[in-house]
Asks: 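Let me give you the structure first, and then I'll get to my questions.
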There are 2 protein chains.
Amino acid sequence: MRESRAGLADVARQAGVSPATASRVLTGSGPASATSRAAVLAAAERLGYRPHPVARQLASGSGTRVVFAVRDERADILRDPFVTRATTAIATALCPDGLGVSVRHLGLECAADLDELATDRGLAALVLAGHDRALLDALPPRLRGRTAVIGAGGTDVDSAAGVGALLSHLYVIGRRRIALISGPAWLAASAAPVAAYRELTRSAGLPARVVRGDFTSDRGRAAARAILRRWPDTDAIATVSDATALGALQALAALGIQVPDDVAVTGFDDVPLAGAVHPALSTATHPVEEIAAAAARRALGEVVPTTLFPSSPVLRATA
Amino acid sequence: MRESRAGLADVARQAGVSPATASRVLTGSGPASATSRAAVLAAAERLGYRPHPVARQLASGSGTRVVFAVRDERADILRDPFVTRATTAIATALCPDGLGVSVRHLGLECAADLDELATDRGLAALVLAGHDRALLDALPPRLRGRTAVIGAGGTDVDSAAGVGALLSHLYVIGRRRIALISGPAWLAASAAPVAAYRELTRSAGLPARVVRGDFTSDRGRAAARAILRRWPDTDAIATVSDATALGALQALAALGIQVPDDVAVTGFDDVPLAGAVHPALSTATHPVEEIAAAAARRALGEVVPTTLFPSSPVLRATA
DNA sequence: CTGTTAGCGCGTTCAG
DNA sequence: CTGAACGCGCTAACAG
């Protein structure tokens with residue numbers, strides 16, 4: 001293996017053109033005759049040319065890192081399975097491009113942090129999670145066009161359809177008194193699943209039983225207890241997060257209630273070990289890796305078709 | 001808010017010194033008189049100076065990203081809770097430094113990949129997971145001193161002590177026929193827990209029952225079944241991964257065996273939802289965030305005291 | 001201890 | 001379509 005460095009200058013010399021031309025060919029920006037293009041490409045190939053990412057970024061003014069900013073009340077959201085999985089997905093997708101990811105927690109009030117991020121000269125793009133419509137509109141100009149939203153708060157996954165499918169399933173297996181543990185109030189995206197729920201209960205003439213949750217298992221536990229205290233005949237509990245569902249499962253077990261015989265339970269997200277618990281959790285799965293990678297590319301300015309990713313039910317044992 | 005950029009030159013001018021001096025003060029490298037130091041610091045503060053990470057990295061020759069390379073047979077190890085959590089921890093720790101992290105999967109045979117990483121000019125440091133002694137010794141020279149090892153395969157956490165503590169606990173609560181589901185054979189670090197196990201069983205005169213696992217819940221399920229088939233009187237199953245333990249729990253439930261009454265179970269790692277399952281998993285917890293951050297800093301050349309991080313038992317319901 | 005002089009490796013104006 | 005400059009913002013050698 002050669003002594004590592006083959007610079008753009010080397011390539012240009014080998015190809016018999018100027019560095020400028022070589023640059024144009026290799027970055028695909030700017031005109032170049034077929035002849036010189038071929039020569040440059042060949043030379044680059046032969047020399048095993050690998051552009052120096054740092055130099056390129058300095059010259060072009062683009063940054064070197066994508067920041068993944070997660071907005072939530074709690075700082076330990078950074079341990080959340082969805083967040084860690086998305087982070088890794090972005091970090092994996094960007095590896096070939098020589099870009100890295102930084103993660104940052106943002107409190108609910110984060111305008112100042114966004115301003116600070118806007119002045120970060122090393123920032124190539126921003127991926128936001130847990131966001132609110134208002135904040136997106138108030139995004140600093142420098143961040144506009146370099147930002148993509150992901151996950152809860154985003155519009156990337158068809159969560160209404162996912163929750164809807166799970167609810168339908170509960171109905172199909174005969175459940176008629178279905179309760180819902182929803183998402184936190186501050187999250188705009190919490191509305192869609194609730195709407196889907198109200199739609200079903202209204203059209204099927206079922207009672208509406210909604211308790212607010214917050215994506216934690218503790219809240220799931222408490223919410224499940226509250227539901228059964230208030231509506232003892234509940235025969236199914238739908239949630240919008242696996243953690244919540246697991247908490248609910250714990251509460252039910254403690255009360256000696258059989259799952260799914262007495263009460264069916266559904267989660268949402270399909271966390272890595274959702275299928276490994278007993279009884280195995282029925283939930284909705286999402287292509288988190290693809291979603292995160294697509295968001296990162298879009299934030300970087302690539303034109304990625306804005307597909308609404310599917311939310312597919314995974315029926316295991318709890319429902 | 002000012003028009004964003006305050007360059008080193010501006011700071012130097014304001015402070016009445018040369019850019020070089022300003023640089024020396026701000027990077028802490030090189031001599032500087034108390035007078036000019038104060039002046040520079042004050043000017044930087046006043047101007048809200050934020051160094052341009054990319055320029056700095058180009059000039060100093062350091063890279064912009066830390067690569068987190070995970071070696072494993074399966075590519076979906078990148079979805080493993082430990083890996084995703086470590087990734088996020090590194091990405092969080094590096095954010096203030098303007099550095100990002102890239103993740104990459106490495107097969108068991110990865111010498112070529114390491115060579116390629118060695119020629120990556122954007123690479124600031126390498127964090128390795130799932131590594132073998134031999135590979136570390138064969139590390140390309142360019143990577144030497146820029147690499148740190150983490151997690152399974154590393155020597156950062158006192159896993160022998162953690163497993164030992166869990167095993168002792170099982171003994172203390174009266175278990176006398178304890179089986180162990182170990183780690184995969186190719187991982188050097190799999191040896192320590194097994195050694196701790198053999199130590200206990202030998203000194204306490206207990207039967208040794210070891211079955212090989214691989215950190216997956218599927219294997220945990222199969223291994224638990226095998227254990228009970230072969231040694232029906234087993235009253236405890238210790239594992240070296242929470243996923244494995246959850247799989248074992250599923251198998252036990254399917255067999256109608258009560259946990260922990262009939263068989264106690266212990267995991268290892270304390271994955272995010274380990275306490276949210278029912279029965280709540282007893283396991284050993286590790287400061288993954290600190291471990292990962294420390295590894296990243298060490299890889300970057302910072303002198304981080306080489307502490308052996310603790311592996312602390314968390315006794316919940318399964319043992 | 002400090003200022004001056006050179007680059008780091010590449011993108012990007014401009015003439016031609 | 002191409003080449004010659006210049007500059008990104010900062011650090012690293014050297015002299016002084």
Side-chain angles (χ1 to χ4, degrees), chain A residues 3-41 43-44 47-65 97-99 119-124 301, chain B residues 3-41 43-44 47-65 97-99 119-124 301:
Chain A
E3 257 319 320
S4 73
R5 60 226 48 160
L8 182 58
D10 302 310
V11 174
R13 202 173 313 121
Q14 271 259 341
V17 300
S18 76
T21 302
S23 171
R24 281 186 283 252
V25 170
L26 293 170
T27 61
S29 76
S33 72
T35 326
S36 39
R37 161 167 294 110
V40 170
L41 257 26
L47 266 47
Y49 172 67
R50 316 248 297 140
H52 188 143
V54 185
R56 175 179 293 205
Q57 285 143 358
L58 208 220
S60 65
S62 62
T64 64
R65 55 200 263 258
D97 302 312
L99 289 172
T119 71
D120 184 332
R121 323 284 263 87
L123 181 64
Chain B
E3 257 318 321
S4 75
R5 61 225 48 163
L8 182 58
D10 301 310
V11 174
R13 202 173 311 122
Q14 270 259 341
V17 299
S18 75
T21 302
S23 171
R24 281 187 283 251
V25 170
L26 293 170
T27 62
S29 76
S33 72
T35 325
S36 39
R37 161 167 294 111
V40 170
L41 257 26
L47 266 46
Y49 171 67
R50 316 245 300 139
H52 188 142
V54 186
R56 179 180 286 204
Q57 285 145 356
L58 208 221
S60 65
S62 61
T64 63
R65 55 202 263 257
D97 302 314
L99 289 172
T119 71
D120 185 332
R121 322 285 262 90
L123 180 65

Asks: Looking only at side-chain atoms of S36(B), point me to the closest of dG7(D), dT2(C), dT12(C).
Replies: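 For S36(B), the side-chain atoms sit closest to dT2(C).
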Asks: Taking CD from Q57(B) and P from dT11(D), how many angstroms apart are they, rounded to a whole number?
Replies: 10 Å
Asks: Taking any heavy-atom pair under 4.0 Å as a contact, classify S33(A): base, sugar-phosphate, or nothing.
Replies: sugar-phosphate
Asks: P51(B) near the nucleic acid: base, sugar-phosphate alone, or nothing, with a heavy-atom cut-off under 4.0 Å?
Replies: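 If one applies the 4.0 Å heavy-atom cut-off, P51(B) turns out to touch the sugar-phosphate alone, with no base involved.
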Asks: Can you check whether S60(A) has a side-chain N or O nearer than 4.0 Å to OP1 or OP2 of dC10(C)?
Replies: no
Asks: Tell me the interatomic distance from L47(B), atom CG, to dC10(D), atom P, rounded to whole angstroms.
Replies: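 Going from CG in L47(B) over to P in dC10(D) covers 12 Å.
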Asks: Can you check the L58(A) CG to dC10(C) C1' distance for me, whole Å?
Replies: 9 Å
Asks: Looking at CD of Q57(A) and CD of Q57(B), how far apart are the two atoms once the value is rounded to the nearest 0.5 Å?
Replies: 8.5 Å
Asks: Report yes if at least one side-chain N or O of T21(A) is closer than 4.0 Å to OP1 or OP2 of dG3(D); otherwise report no.
Replies: yes
Asks: First locate atom OG of S62(B), then atom CZ of R121(B), and finally report the distance between them rounded to the nearest 0.5 Å.
Replies: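 The OG atom of S62(B) sits 11.5 Å away from the CZ atom of R121(B).
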Asks: Measure the CD-CG distance between Q14(B) and L47(B) for me, rounded to the nearest 0.5 Å.
Replies: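 So the CD of Q14(B) and the CG of L47(B) are separated by 5.0 Å.
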Asks: Between R56(B) and dT11(D), is there a contact of a side-chain N or O with OP1 or OP2 at under 4.0 Å?
Replies: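 So the side-chain polar atoms of R56(B) do come within 4.0 Å of the phosphate oxygens OP1 or OP2 of dT11(D), strictly under.
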Asks: Heavy-atom nearest nucleotide on DNA chain D for R24(A) versus L8(B): which residue maps closer to 5'?
Replies: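 Final value for this comparison: R24(A).
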Asks: Round to a whole Å and report the spacing from CZ of R121(A) to C1' of dG7(D).
Replies: 13 Å
Asks: Would you say a side-chain N or O of Y49(A) is under 4.0 Å from OP1 or OP2 of dC10(C)?
Replies: yes
Asks: Supply the atom-to-atom distance L58(B) CG to L58(A) CG, rounded to the nearest 0.5 angstrom.
Replies: 4.5 Å
Asks: Which nucleotide wins on minimum distance to the side chain of A55(A), given the candidates dG9(C), dT2(C), dA4(D)?
Replies: dG9(C)
Asks: Base, sugar-phosphate, or nothing: which does G7(A) touch, judged by heavy atoms less than 4.0 Å apart?
Replies: sugar-phosphate
Asks: Less than 4.0 angstrom between a side-chain N/O of S18(A) and OP1 or OP2 of dT2(D), yes or no?
Replies: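 No, because none of the side-chain N or O atoms of S18(A) sits under 4.0 Å from OP1 or OP2 of dT2(D).
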Asks: Looking for any heavy atom pair under 4.0 Å, which part of the strands does V17(A) touch: base, sugar-phosphate only, or nothing?
Replies: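 Sugar-phosphate: the residue V17(A), judged by heavy atoms under 4.0 Å, touches backbone atoms but no base.
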Asks: Rounded to the Å, how far apart are H52(A) NE2 and dG9(D) C1'?
Replies: 14 Å
Asks: Select one nucleotide: of dA12(D), dT2(D), dG11(C), the one nearest the side-chain heavy atoms of A32(A).
Replies: dT2(D)
Asks: What distance do H52(A) atom NE2 and T64(B) atom OG1 have between them, rounded to the nearest 0.5 Å?
Replies: 8.0 Å
